[in-house]
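Take a look at the structure below.
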Amino acid sequence: MMERGGRNEQTRRGFVNWILGTGVGGLLLAVLYPVGRYLVPPAAGESAAASVTLDITPAEVTPNSGHIFKFGSRPAILIRTPSGELRAFSAACTHLGCIVQYREDIGHIWCACHNGHFDLNGRNIQGPPPRPLDSFVVNVRGDEIVVSKTS
Amino acid sequence: MMMTMGKLLRCTPALLAGFLLAPKATAQEPESSCVTCHAAFGDERLSGPVESYPNDVHAAQGFDCVACHGGDATVAGMGAMDPAAGYLGVPEGEDVLSVCGRCHSSAQFMRRYDPSLRVDQVAEYRTSVHGQRLLQQGDDRVATCSSCHPAHAIKPPSDPNSSVHPLNVAATCADCHANPEYMSPYPIPTDQHEKYLESIHWEKLSVARDLSAPTCNDCHGNHGAAPPGVSWVGNVCGQCHSVMAERFNQSFHSRIFAMLGNPGCATCHNNHEIKLADIEMLGVDEGSVCGRCHSAESRGGIVATRMRTLIDSLSLARERADSILERAENAGMEVSQAQFDLNGATTALVSARTAVHSFDVEGVREEVESGLEVAAQAWERGQEAMDDLRFRRTGLAISVGIIVLLIIGLVLKIRQLEPAGAGPSRKSAPGGEAR
Amino acid sequence: MSDIKKRLGEVWGWLDDRLGLSSWGELARKKDVPLHKHTVWYYLGGMTLFLFLIQVATGILLLFYYRPSAEDAYESIQFLMAEVEFGWLIRSIHAWAANLMIFTAFLHLFSVLLMKAYRAPREITWISGFMLLALAMGFGFTGYLLPWNELAYFATRVGTEIMGAVPLVGSFLGRVLKGGEDVSGATLTRFYAIHVAVLPMITAALLGLHLYLVQKHGMSIPPEVERRGGGRRSMSFAPNFLLRDLVGWLSALAIIAVLAAYFPAELGEKADPFAPAPAGIKPEWYFMFMFQTLKYLPAHILGIEGEALGIMAFMVGGALLMIVPFLDRRSGRNQPSPLFTWIGVAIIVYIIVLTILGYAANPTQ
């Protein structure tokens with residue numbers, strides 16, 4: 001076998017080395033790529049399950065207005081009361097889960113589906129909703145509005 | 001026993017002197033002769049009121065027997081029940097109204113105890129079917145105040161033991177209205193309670209304990225109790241189901257039903273046996289309510305079928321999107337934004353079902369189409385997530401491929417190092433030291 | 001080309017002068033591995049080491065996103081799984097490699113036990129290895145709670161309660177471990193500290209000792225093979241054995257990747273200390289044989305609480321197993337020692353049978 005040609009042996013050795021080199025390189029890539037992607041901070045920044053930073057500034061929420069935002073995968077509503085206070089509630093109506101809205105004309109939260117009314121504390125005051133809306137805690141940090149679940 | 005006998009004896013005027021000498025039962029309150037004597041009688045009819053009254057809301061406010069029955073409780077024995085001293089006895093029929101109304105119709109008086117309590121109960125009662133039969137026809141079988149608010153055991157509606165607590169109202173009304181024998185003189189059915197117990201309203205009330213769910217008085221009024229008229233039953237339901245009532249009132253069905261004498265909402269939803277309104281009710285198939293009047297080929301039948309098809313298409317689209325998103329989520333994909341957006345389809349679906357009450361295909365179509373768009377977007381996002389998942393699997397396949405390649409390389413390398421037959425061995429160090 | 005080689009050679013020489021690299025290479029080249037029919041078991045230690053290194057790497061990566069508090073832990077893992085790219089992969093690999101590592105560590109332990117490789121002068125190698133396995137189980141126990149999900153919460157409650165049954169010191173130890181009377185947020189923080197700081201530190205020290213001893217004494221040839229005059233043949237550690245080792249490691253990596261992709265680690269429901277315990281709470285599989293044994297014990301044995309007695313028995317049994325090099329005198333004298341072989345087999349059968357029973361048992365009973 002050896003006599004048949006050192007040349008043949010040489011190419012085989014080269015081939016094996018090529019496989020090994022490529023394999024090691026590929027493996028490094030296959031490991032480093034996910035790790036790199038893992039280390040890049042995701043768009044959401046941090047877990048939104050317990051608290052969420054809204055993409056609007058406090059100045060953009062005028063008194064007597066409401067704003068629907070995403071809290072985890074659930075809808076929530078941020079309102080500024082006519083007196084200027086910021087409050088946040090779950091925006092899923094407790095009746096059948098429609099998304100509620102803030103009505104400037106009547107100054108409280110209203111569900112269009114079955115005319116359910118909630119006051120500015122989220123309490124169901126008229127119509128079919130059986131329960132108040134879950135309320136969240138609103139904090140303003142500088143120019144950011146942070147809404148979190150009650151602990 | 002001896003005690004009872006003694007008390008009995010004390011009630012005879014002849015033993016008045018003995019009574020005065022007897023020690024008082026309670027030191028603080030002057031003993032009422034009504035209580036003393038009635039409690040002593042073994043007869044349930046006489047002693048019952050005395051036993052239950054201490055738990056009555058009126059007793060808690062300091063009212064005694066005399067407040068309603070008149071007479072003079074400071075006089076012992078039968079003298080306490082002297083009509084000359086204003087003794088009324090057991091008020092019956094119309095007298096009950098004046099006894100209760102004396103206080104309850106006086107705003108001035110009532111606000112000392114509960115300023116929020118209404119004072120129009122008697123006035124309302126006079127307009128009720130009960131009141132009219134009593135006052136105009138002298139029918140003494142109808143309910144008066146004490147039929148629903150049992151005298152001597154009256155509790156406020158907020159008390160769970162009260163006969164008029166939301167959970168107990170139906171049973172209280174049923175006492176008479178579900179009794180065929182008692183109701184035999186009247187030409188009305190007696191199965192309302194039975195039917196009500198089958199309804200979604202009672203289920204909400206009794207199972208979910210949602211005290212805002214309606215019981216008898218929420219639709220019929222309490223003191224002004226009467227069956228709602230055909231033309232305004234919608235107003236009764238509309239108190240809660242306002243959007244549906246509004247849509248219905250503006251529809252042609254409202255006018256036609258009124259013309260035909262059909263009872264508005266109750267035509268399709270029944271009056272007492274109101275079931276959860278599911279989608280099966282819509283359309284002309286078996287079990288639908290439209291099909292009761294409309295044949296499949298008629299104009300109405302076609303409209304009903306179209307509305308049903310539209311709503312079905314939306315709920316199907318929503319479910320499809322929901323299930324693909326759930327699968328993607330379970331596989332660890334980030335789809336929370338799509339799930340959030342899909343809430344819009346739920347809103348559209350509920351709105352579309354509400355829009356049915358206008359009996360107008362276009363109104364339903366509008367809601368359904370907006371929902372379909374949302375659902376389609378969400379489904380697409382789910383599809384993308386699943387594609388991404390497939391990409392993950394591809395990535396895995398590539399990585400495993402690389403590893404397999406490396407393994408092959410290593411095996412070849414080992415073969416090279418150890419030519420066939422030679423094996424991996426090398427000669428051990430001489431002596432083969434024990435290890 | 002040759003220029004580059006020359007340059008590299010210069011760099012190598014410079015480093016070698018300062019770090020003594022060639023003596024390391026010399027060590028590796030000198031080292032060899034006996035060749036006989038049981039050689040295959042020699043790969044298990046290296047495999048366990050490889051899996052441990054995966055654990056270290058993925059564990060460090062998980063630290064980038066994990067938050068050790070009752071309020072945030074579950075949410076942070078949820079975030080890691082859903083929002084962080086490849087977060088699911090890192091966590092699943094950590095979970096799978098952990099289980100495989102304990103499995104290979106068990107195999108390693110029993111192969112060493114049956115091949116009597118604990119004989120002098122390798123007593124300390126055995127003891128340090130035994131302690132490393134105990135540490136690995138400690139890693140598993142503390143790490144299981146960290147996602148703060150329902151299953152882990154209740155399994156940990158059961159686990160710590162069992163620990164509380166240890167006579168005299170049990171309740172005190174349980175309290176120190178739990179950071180209070182019950183499993184709570186304080187427990188989570190403690191377990192976290194133990195999992196990422198205390199255990200790794202001790203493991204690093206013991207592992208260093210273990211590897212040093214393996215290097216110092218080389219592989220042990222089973223006495224049975226030695227008596228038959230085998231074990232004369234051997235292969236060199238580098239590159240022959242090392243290349244085979246690499247094949248094993250890469251295969252393990254591929255298996256873990258497939259497992260992680262097709263059976264990603266689950267998260268379940270968030271733990272709620274006030275919720276009733278769900279049916280069928282089971283510990284991790286490597287605790288199952290102990291858990292199941294305790295279930296079979298009567299409430300009282302000879303006036304002592306059955307559970308306490310069972311735990312004591314396991315502790316004594318563990319301690320005896322740890323000092324087996326000093327008990328097995330015959331093996332020490334290079335004589336056949338069938339008694340200890342049978343004891344080893346009995347332990348293996350016991351663990352397998354009890355584990356199967358544990359998984360077959362009806363959870364409602």
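Within every chain, numbering begins at 1; the chains are lettered A, B, ... in the order of the sequence lines, protein sequences first and strands thereafter. Because the structure is a prediction, the values reported are computed rather than measured.
To the nearest 0.5 Å, the span separating CD1 on B:I402 from CG on A:L29 amounts to 7.0 Å. A:N115 CG to B:M244 CE: the interatomic distance, rounded to the nearest 0.5 Å, is 10.5 Å. The structure places CZ of A:R13 at 12.0 Å from CG of B:L412, a figure rounded to the nearest 0.5 Å. For the atom pair A:R131 CZ and B:S212 OG, the distance stands at 11.0 Å (nearest 0.5 Å). In this structure, the separation between SG on A:C93 and CG on B:N343 is 12.5 Å, given to the nearest 0.5 Å.
Annotation: side chain of A:I68 is in contact with side chain of B:F340 (closest heavy-atom distance under 4.5 Å). Within the 4.5 Å cutoff, the side chain of B:H241 has no heavy atoms near those of the A:H114 side chain.
Smallest separation of non-hydrogen atoms from A:L20 and B:K413: CD1-CD, 3.6 Å. Shown here for B:G409 and A:I19, the closest heavy-atom pair between the two residues is CA-CG2, 3.5 Å.
For B:E366, the CD atom is loosely surrounded, since the number of other residues' heavy atoms within 6.0 Å does not exceed 12. B:E373 CD: 12 or fewer foreign heavy atoms inside a 6.0 Å radius. No more than 12 heavy atoms of other residues, nucleotides or ligands sit less than 6.0 Å from atom CZ of B:R118.
Side-chain atoms of B:T347 come within 3.5 Å of backbone atoms of A:I99 as a donor-acceptor pair (strictly under, hydrogens ignored).
Looking only at heavy-atom pairs under 4.5 Å with chain B, the residue among A:P130, A:A112, A:A30 that has the most is A:P130.
Neither the backbone nor the side chain of A:N124 comes within contact range of chain B; no heavy atom of the residue lies under 4.5 Å from a heavy atom of that chain. Both the backbone and the side chain of A:V24 have a heavy atom closer than 4.5 Å to some heavy atom of chain B. Both the backbone and the side chain of B:S351 come within contact range of chain A, with heavy atoms under 4.5 Å apart. Contact of B:L342 with chain A is not made at all, since no heavy-atom distance falls under 4.5 Å.
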